[in-house]
Asker: 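Here it is, the structure in full.
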Amino acid sequence: MIKLEKFTRYCLIGLTSLALLMMIFIFSTESGNVNPFVVIITMVLLYFILRFINGLLRKSSKRQLRNIVIGSVLAVTILAILNVVFFRVHLFGDVQICIDMARKISQNNFEWSNWILQYKNLVPLTILYSWMMKIGQFLHTGFYPIFFAYNISLLIGSLVLTLLTLWHKKPQSAALAGLLAIVLPVFYSFIIQVGYTDGASILALSLLIFLFEYNHLNWWKLILLTFVFAYGYLMRPNIIIALVALFIIGLFTYKKQNNIFKLVSKLFIFCFLGIILATSTSKIFDATYHYNANNPKQFPVVHWIYMGLNQEKIGQYNKADRSYTLNHEGFYSAQNADIAGIKNRLLNYRPLTLGLHFINKYGILCHEGTFQTLTDYQKNYIFAPKLFLKYSKLIFLVSQVFSKALISLFLFFLVLELLRKKPIPRNSILFSLLIIFGISLFHTIIWEVKTRYQFMTFFFLFFVGVYAMVEYFEKDNF
């Protein structure tokens, strides 16, 4: 078990270091090319600014720190509301397809679109949107006010849970995180304007990390976790990776730290119950809304594994692989074709080229500070302030530089923290890291890849990054 702990620690150091190098030196982003030298200069500036702010916070009383945290949450809430009042983007892709289908469902038309028949994972989101439309009809507000209120609620809920987790570890770090949250570009783009399934998965995992940190579980908290995790799993099944992280910590603590082992066991059991609940709910949805889960158009799971091995497209979503699956009509025909395609693609790799392929996929996940949240599923602006539209390219570029530099700083301090602590404490920091890099490795090694897929780990990177940074500021290592 000691060897497994050492191996895990070395893997975390390696993955964090590689992510840091990619974040700094891969210059191509959704906002344009970013000079690595500019990122490094911005990192240095941010370091001194944040260290100065941390010095001021260190002298503050606990009451003052609490007021800063509360004020920060209110500021983010107000800015999020102003964002949807003054900005509106034209949506496309999965989100818009789900909205269009939800309109039909709300009018009792259950003729499902071909796209959702192919991608069953979109059914829960579509049904949720149809509920929003009915609420909007009842309140005479229409769909979008409910849609944006839901997205903002998930943002604020996840932020509050993250800040409370940091507060329990070190109130000073929670105050610094709160101030940073006010100016983070990723809080005012995709998660509000698009939402998709990211917010639900982030909220579920934020609650899980919060409960892990506080370690004071009672029945109502465990029941709450079951329902929230079920909700998150319905929207984004890959949060099951959190159970793998709990299992690993369980292995580390078995017969060594009984209190942590008991905590991990309870969380694991009730998250698993959440998955069972989600699976049952999905079947109820299918029956109630007349969705045929076994329809011949449904894409097999292996389709995404096949797509992830596309060397030419670096494992990213592409129309050619989608057409390949579509050309084999019927679920089992498509599944067999994708399995055959996986075998053929693996035969074309050598160990070295496969390793390079995985590194390239990892780079797609870890090279943008905004995680593609400024443009994904978003076309042009329906309306926005004229001054913003005039300088939008420059604003996006500045946002990217700031975000890349800040995340690089987080990753840098995480590397130092991992190098300093032997062994890694079995706490919420380790749990968060296992979730972050578990999701990264899932898309790197198994699934197809897209930069935005890494966004669902941002809140946890924000949590561990701020904490590691404050720890080093306190020790005056620089």
Side-chain angles (χ1 to χ4, degrees), residues 16 20 23-24 34 38-80 82-83 155-156 158-189 191 206 209-210 213 369-371 395 397-418 420 428-429 432 458-478:
T16 308
L20 170 61
M23 188 60 68
I24 294 173
V34 176
V38 176
V39 176
I40 293 170
I41 293 296
T42 309
M43 280 177 68
V44 174
L45 290 173
L46 281 175
Y47 167 77
F48 286 109
I49 292 169
L50 293 173
R51 181 165 181 165
F52 173 74
I53 294 171
N54 184 72
L56 297 177
L57 294 174
R58 188 191 306 169
K59 299 172 186 176
S60 303
S61 66
K62 203 166 185 178
R63 183 178 180 180
Q64 289 173 320
L65 293 174
R66 184 182 292 109
N67 289 338
I68 290 171
V69 171
I70 294 170
S72 298
V73 173
L74 289 174
V76 172
T77 306
I78 292 168
L79 288 171
L82 290 175
N83 179 279
L155 164 65
I156 301 305
S158 301
L159 177 62
V160 167
L161 286 168
T162 303
L163 295 180
L164 285 174
T165 309
L166 275 169
W167 182 271
H168 189 261
K169 295 194 78 67
K170 190 186 284 288
Q172 189 178 317
S173 62
L176 181 61
L179 293 173
L180 272 173
I182 297 172
V183 295
L184 284 174
V186 295
F187 281 179
Y188 307 107
S189 51
I191 198 167
S206 297
I209 293 169
F210 168 78
E213 170 64 28
T370 55
F371 300 108
I395 292 169
L397 187 60
V398 171
S399 298
Q400 188 67 247
V401 171
F402 170 77
S403 300
K404 279 174 76 77
L406 183 63
I407 291 174
S408 297
L409 207 57
F410 288 162
L411 293 168
F412 174 71
F413 283 113
L414 273 173
V415 172
L416 296 180
E417 184 81 353
L418 289 167
R420 185 174 66 86
S428 56
I429 299 296
S432 299
F458 174 76
F459 278 78
F460 323 125
L461 179 59
F462 183 53
F463 161 57
V464 295
V466 170
Y467 179 74
M469 184 166 58
V470 171
E471 283 283 282
Y472 270 85
F473 285 158
E474 292 299 288
K475 291 176 176 59
D476 290 322
N477 284 4
F478 296 94

Asker: In chain order, what residues pass the side chain to side chain contact (heavy atoms under 4.5 Å, CB included) check against Leu56, with sequence neighbours excluded?
Answerer: Phe52
Asker: Atom OG of Ser158 and atom CZ of Phe459: how far apart are they, to the nearest 0.5 Å?
Answerer: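 Ser158 atom OG to Phe459 atom CZ measures 5.0 Å (nearest 0.5 Å).
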Asker: List for me each residue that meets ring-ring contact (aromatic ring centres under 6.0 Å, His included) alongside Phe371, sequence neighbours excluded, and say none if there are none.
Answerer: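 Phe371 satisfies ring-ring contact (aromatic ring centres under 6.0 Å, His included) with no residue once adjacent residues are dropped.
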Asker: Mind checking side-chain hydrogen bond (donor to acceptor under 3.5 Å, both in side chains) for Ser428 and listing every partner two or more places apart, or none if nothing turns up?
Answerer: Glu213
Asker: Honestly, is Arg420 close enough over Tyr472, meaning NZ or CZ under 6.0 Å from the six-membered ring centre and within 45° of the axis?
Answerer: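 Checked: cation-pi criterion met.
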Asker: Can you confirm if the aromatic rings of Tyr47 and Phe473 lie within a centre distance of less than 6.0 Å?
Answerer: yes
Asker: Which salt bridge (charged side-chain N to carboxylate O under 4.0 Å, His left out) pairs, counting each pair once, include a residue from residues 399-408, with sequence neighbours left out?
Answerer: none
Asker: First locate atom CG of Leu79, then atom CG of Leu155, and finally report the distance between them rounded to the nearest 0.5 Å.
Answerer: 10.5 Å
Asker: For Ala181 and Tyr188, which heavy atoms make the closest approach, and how far apart are they?
Answerer: O-OH, 3.4 Å
Asker: What is the minimum heavy-atom distance between Lys62 and Pro171, and which atoms define it?
Answerer: CE-CG, 4.1 Å
Asker: Going by side chain to side chain contact (heavy atoms under 4.5 Å, CB included), Leu461 matches just one of Thr16, Val466, Leu414. Which one?
Answerer: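 Exactly one candidate clears the test, Leu414.
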Asker: Is any side-chain heavy atom of Glu417 closer than 4.5 Å to a side-chain heavy atom of Val464?
Answerer: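 No; the side chains remain at least 4.5 Å from each other.
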Asker: Applying ring-ring contact (aromatic ring centres under 6.0 Å, His included), can you list everything that pairs with Phe462, at least two apart in sequence or on another chain?
Answerer: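 Listed in chain order: Phe458.
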Asker: Start with the C-alpha gap between Leu57 and Val470, add the side-chain angles, then the distance that decides, and say whether side chain to side chain contact (heavy atoms under 4.5 Å, CB included) holds.
Answerer: CA-CA 11 Å; Leu57 294 174; Val470 171; over 6 Å; no
Asker: Provide the closest heavy-atom pair for Ser206 versus Thr162 in the form atom of the first, atom of the second, distance.
Answerer: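 Residues Ser206 and Thr162, closest heavy atoms: OG-OG1, 4.2 Å.
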Asker: Does Val69 reach the side chain of Leu166, with side-chain heavy atoms less than 4.5 Å apart?
Answerer: no
Asker: Ser403: what forms a side chain to side chain contact (heavy atoms under 4.5 Å, CB included) with it, not counting sequence neighbours?
Answerer: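 Side chain to side chain contact (heavy atoms under 4.5 Å, CB included) list for Ser403, sorted by chain: Pro185, Thr370.
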Asker: Any pair with a residue in residues 159-179 that passes ring pair (Phe, Tyr, Trp, His ring centres under 6.0 Å), sequence neighbours left out, goes on the list, sorted by first then second residue, please.
Answerer: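 Those involving residues 159-179 are His168-Tyr214.
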Asker: Quick one: side chain to side chain contact (heavy atoms under 4.5 Å, CB included) partners of Thr42, sequence neighbours excluded?
Answerer: Val38, Leu46, Val401, Ala405
Asker: Between atom CD1 of Ile182 and atom OG of Ser72, what is the distance when rounded to the nearest 0.5 Å?
Answerer: 4.0 Å
Asker: Hey, what do you get for CD1 (Ile191) to CG (Leu184), rounding to the nearest 0.5 Å?
Answerer: 11.0 Å
Asker: If I take atom CG from residue Leu411 and atom CG from residue Leu406, how far apart are they, to the nearest 0.5 angstrom?
Answerer: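 Here the rounded value is 9.5 Å.
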Asker: Taking only residues two or more places apart in sequence, or in another chain, which ones meet Asn54 in a side-chain hydrogen bond (donor to acceptor under 3.5 Å, both in side chains)?
Answerer: Gln172, Glu474
Asker: Could you state the interatomic distance from CZ (Phe460) to CD1 (Ile209), rounded to the nearest 0.5 Å?
Answerer: 5.0 Å
Asker: Applying side chain to side chain contact (heavy atoms under 4.5 Å, CB included), name anything that partners Ser408, two or more places apart in sequence or on another chain.
Answerer: Leu20, Met23, Ile24, Val39, Met43
Asker: Could I get the full list of salt bridge (Lys or Arg N to Asp or Glu O under 4.0 Å) partners for Lys170, not counting sequence neighbours?
Answerer: Glu471
